[in-house]
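Report on the structure given below.
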Amino acid sequence: MTTRSGTPRSLPPVVVSALRCSVCSAPLHPDGRSLRCVRRHSFDLAKQGYVNLLRAGVDAGTADTSEMAAARADFLATGRYAPLVDVLARVVEASGEPEFVVDAGAGTGYYLAGVLDRVASAWGLALDVSAPALRRAAKAHPRIGAVVWNLWEPWPVADGVADVVLDVFAPRNTAEFHRVLRPGGLLAVATPGAGHLRELVTELGLLDIAGDKTDRIAESLGDHFEPVDVDTASHTAELDADEVRKLVLMGPNAHHLHRGGLGAKLDALTGATEVTFEFDVSVLRRKE
C-alpha cells in the first residue's frame, strides 16, 4: 500500500511510540525508511508498511505461509467470522475510551481492523510471526501498525501502553499480556467453541480444534488477571466446496494435508455443506 503521493506506507506514529528496540529495549524513532534507537540498532520498514523486529529466523513450520494468508483473507472476507468481530468490538468499547489496542497473533489484521472500524478513538498494533500475514495486516486499516514478532519472546512493546489486548486463536503469553496492559486494562481471549466446525471435523478428519474450556483459561491466567465475563457467538452457514477449502487451508490443518488424506478429500469436495461456527471470548481484567 502506498500513500496518495506514491510513497510507501509507514507505521503510525502512535504505534512507533509504543515500540521498543528488540536488542536493547530503548525507544524507537523513525529514520527514513527505518526505525532506530539511540544505540543505533536499526530495523528497516518493508515496502508494504510493516517492520520485522526479530533478531533471528523463525521455524517456517510455525508461521502462516503466503498461501495460508491468502486463503484466510479470502475466507474472512465472506463475513462468516463477523459475529466474533462484533464480540471483540464490544469488549474494546467497554474499556472506556481506548487509545491503544494490541492484537497478539493478529494474522491478516481482520479482527483488529474490524474493531478499529467500531472504535474511532483507538490505534492498533498487530503482532504476528508471519510476515506474509502482516503484509496484509499493514494494509487492513489506516490506524494499524504491523510488527513481525514471536509472541513467546518478551515483546518489543513498552510497559502499560495498551488499553486492551486481543488474543484470537493465538499463543498466550500471560506475563507479556500483563506487562503491556495498563492497570485495569482488558484482555479478550477468543477460542473455538465446543461445536466449532464440528461437521468438517467429522467429514474431513480435521485436527482437534476445540478451544480450551473458559474456566481453564481463567485459571491459567489467574495470577495476573481476574475474570470479567464470557461471551459466546454461534451460527451456522452453508458453505460451497471452495469456501470449505479456504476455511481449512487458512488454519493449522494446512500444515497437515497428507494426514489422513486431507488434501485429497479437499480436492474431491463438491456441493454445499452446513457448517457450525462457535466462538468463546473470555474477558479478563489486569490485576494491579
Side-chain angles (χ1 to χ4, degrees), residues 14-15 17-20 22 25 81 83-107 109-116 118-119 121-129 144-145 147 149-194 196 209-234 278-288:
V14 173
V15 174
S17 68
L19 295 178
R20 293 295 180 265
S22 58
S25 300
Y81 279 40
L84 176 54
V85 175
D86 291 340
V87 174
L88 296 171
R90 289 199 297 270
V91 173
V92 177
E93 289 170 331
S95 69
E97 295 185 2
E99 298 179 359
F100 199 65
V101 178
V102 176
D103 189 348
Y110 171 77
Y111 304 105
L112 183 55
V115 167
L116 296 182
R118 292 262 295 267
V119 186
S121 62
W123 296 77
L125 169 61
L127 291 175
D128 201 282
V129 75
I144 285 179
V147 174
W149 192 251
N150 181 353
L151 295 177
W152 290 119
E153 304 230 354
W155 299 354
V157 181
D159 295 351
V161 294
D163 299 288
V164 182
V165 170
L166 307 178
D167 183 88
V168 183
F169 315 137
R172 296 194 284 275
N173 188 331
T174 308
E176 289 301 281
F177 291 162
H178 184 268
R179 184 184 64 79
V180 305
L181 275 168
R182 63 169 172 77
L186 296 180
L187 168 65
V189 178
T191 56
H196 188 58
I209 56 174
D212 291 346
K213 296 293 186 182
T214 54
D215 55 349
R216 288 204 299 265
I217 292 174
E219 182 179 355
S220 67
L221 299 171
D223 288 345
H224 296 286
F225 292 90
E226 56 185 7
V228 174
D229 194 11
V230 176
D231 202 342
T232 297
S234 63
E278 185 175 327
F279 315 105
D280 294 329
V281 179
S282 298
V283 184
L284 305 102
R285 190 178 307 279
R286 181 194 188 273
K287 292 181 180 178
E288 300 300 322

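In this chain, residues are counted from 1 in sequence order. When reading the values below, keep in mind they use all heavy atoms of this one structure, side chains included, and skip hydrogens, waters and symmetry mates. As the structure is a prediction and not an experimental result, all values here were calculated from the model.
Nearest heavy-atom pair across Leu116 and Ala122 is CD2-O, 3.6 Å. When all heavy atoms are compared, the tightest approach of Phe100 to Val161 is CB-O, 3.5 Å. Contact detail for Asp128 and Gly105: the closest heavy-atom pair is OD2-C, 3.3 Å.
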Inset, instruction - Would you please test Leu284 and Phe177 for side-chain contact (heavy atoms from CB on, under 4.5 Å) and show each step? - result: CA-CA 11 Å; Leu284 305 102; Phe177 291 162; over 6 Å; no

Legend entry - Arg118 and Asp86: CA distance, side-chain angles, deciding distance, side-chain contact (heavy atoms from CB on, under 4.5 Å) verdict: CA-CA 9 Å; Arg118 292 262 295 267; Asp86 291 340; 3.2 Å; yes

Inset, instruction - Assess whether side-chain contact (heavy atoms from CB on, under 4.5 Å) is satisfied between Phe225 and Arg286, documenting all intermediate values. - result: CA-CA 5 Å; Phe225 292 90; Arg286 181 194 188 273; 3.9 Å; yes

Inset, instruction - Apply side-chain contact (heavy atoms from CB on, under 4.5 Å) to Val281 and Leu84, showing your working. - result: CA-CA 8 Å; Val281 179; Leu84 176 54; 3.6 Å; yes

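Using a 4.0 Å cut-off between charged side-chain N and carboxylate O, Glu176 and Arg179 make a salt bridge.
Here the side chains of Val164 and Leu88 are not in contact, with every heavy-atom distance at 4.5 Å or above.
In this structure, Tyr81 and His196 have perpendicular ring planes: the angle between them is above 60°, well past the 30° mark. Ring pair Phe279/Phe169 is tilted by interplanar angle, where 30° to 60° counts as tilted.
One N or O on the side chain of Ser121 and one on the backbone of Pro98 form a donor-acceptor pair closer than 3.5 Å.
No more than 12 heavy-atom neighbours from other residues, nucleotides or ligands sit within 6.0 angstrom of CD on Glu219. Around CD of Glu99, the count of heavy atoms belonging to other residues, nucleotides or ligands within 6.0 Å does not exceed 12.
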